[in-house]
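Heads up: the structure comes next, in structure tokens.
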Amino acid sequence: MSDRIELRAMRFEGRHGALPEEQERVQPFEVDVVLELALVGAGRADDLGRTVDYGAVFRIAREVVEGSHVKLIETLAERIAARVLAEHGRAAAVTVRVRKMEPPLPGTLAWAGVEVRRAR
């Protein structure tokens, strides 16, 4: 599938990580979601009902990241991907990237991240 809807660099705050201090301290996370789906019908008809509302996808990502604590960013990515596919039947596949912007490491690092791709 060559058509995509992309949401890049969504920023949210959450309390995720395996270390005790990560569970107590709010920290920034960045999320990308790329949906693969046919967009020709929506584009030709100018019809939101024939595509996926990216505002709804944004809300899913926000709810997952700002929701209950998890230890792994892998879990955040899996939860976002699963909800997007479950709630948006037009999407054939979804790629989710989650980046922890302030990982607790002894040195300089821009971010630590994961990427998952899930398809129907």
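As the structure is a prediction and not an experimental result, all values here were calculated from the model.
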Exercise. Can you pull the ring-ring contact (aromatic ring centres under 6.0 Å, His included) pairs that have at least one residue in residues 75-95, sequence neighbours excluded?
Worked result: none

Problem set entry | Other cluster members, Leu19 - Ile/Leu/Val/Met/Phe/Trp/Tyr, side-chain contacts below 4.5 Å | none

Exercise. How would you list, by chain and number, every residue that makes a side-chain contact (heavy atoms from CB on, under 4.5 Å) with Pro103, sequence neighbours excluded?
Worked result: Lys100, Leu105, Leu109, Ala112

Problem set entry | Nearest heavy atoms of Ala61 and Val31, plus distance in Å | CB-CG1, 4.3 Å

Exercise. Tracing side-chain links under 4.5 Å among I, L, V, M, F, W and Y, which residues wind up in one group with Met101?
Worked result: Trp111

Problem set entry | Exercise: identify the closest heavy-atom pair between Ala91 and Arg120 | O-NE, 2.6 Å

For this session: List in chain and number order the residues that pass ring-ring contact (aromatic ring centres under 6.0 Å, His included) with Tyr54, two or more places apart in sequence or in another chain; answer none if no residue qualifies.
Result: none

Exercise. Are the side chains of Arg117 and Val94 in touch, meaning some heavy atoms are under 4.5 Å apart?
Worked result: no

For this session: For the pair Val96 and Glu115, evaluate side chain to side chain contact (heavy atoms under 4.5 Å, CB included) and give the outcome as yes or no after the intermediate values.
Result: CA-CA 6 Å; Val96 178; Glu115 176 179 313; over 6 Å; no

Problem set entry | Close side-chain approach of Val116 and Thr95, heavy atoms under 4.5 Å | no

What side-chain donor-acceptor pairs closer than 3.5 Å can you find for residues 70-82, not counting sequence neighbours?
unit_1 : atom_1 : unit_2 : atom_2 : d
Glu78  : OE1    : Arg118 : NE     : 3.4
Glu78  : OE2    : Arg118 : NE     : 3.2
Glu78  : OE2    : Arg118 : NH2    : 2.3

Exercise. side-chain contact (heavy atoms from CB on, under 4.5 Å) with Arg62: which residues, sequence neighbours excluded?
Worked result: Phe12, Phe58, Glu66

Seminar exercise, completed: Residue set satisfying side-chain contact (heavy atoms from CB on, under 4.5 Å) with Arg50, at least two apart, ordered chain then number -> Ala42, Ala45, Asp47, Arg90

Exercise. Mind checking what makes side-chain contact (heavy atoms from CB on, under 4.5 Å) contact with Arg8, not counting sequence neighbours?
Worked result: Glu6, Asp32, Val34, Arg97

For this session: If you link ILVMFWY side chains whenever their heavy atoms are less than 4.5 Å apart, which other residues fall into the same cluster as Leu48? By chain and number, please.
Result: none

Problem set entry | Inter- and intrachain pairs under salt bridge (Lys or Arg N to Asp or Glu O under 4.0 Å), touching residues 10-19, at least two apart | Arg11-Glu30

Exercise. Which of parallel (below 30°), tilted (30 to 60°) and perpendicular (above 60°) describes His16 and His69?
Worked result: parallel

For this session: Not counting sequence neighbours, which residues clear side chain to side chain donor-acceptor pair (under 3.5 Å) with Glu63? List them please.
Result: Arg83

Exercise. Can you check whether Leu37 reaches Asp3 side chain to side chain, under 4.5 Å on heavy atoms?
Worked result: no

Problem set entry | Inter-residue atom distance Asp46.CG - Thr51.OG1, 0.5 Å rounding | 11.0 Å

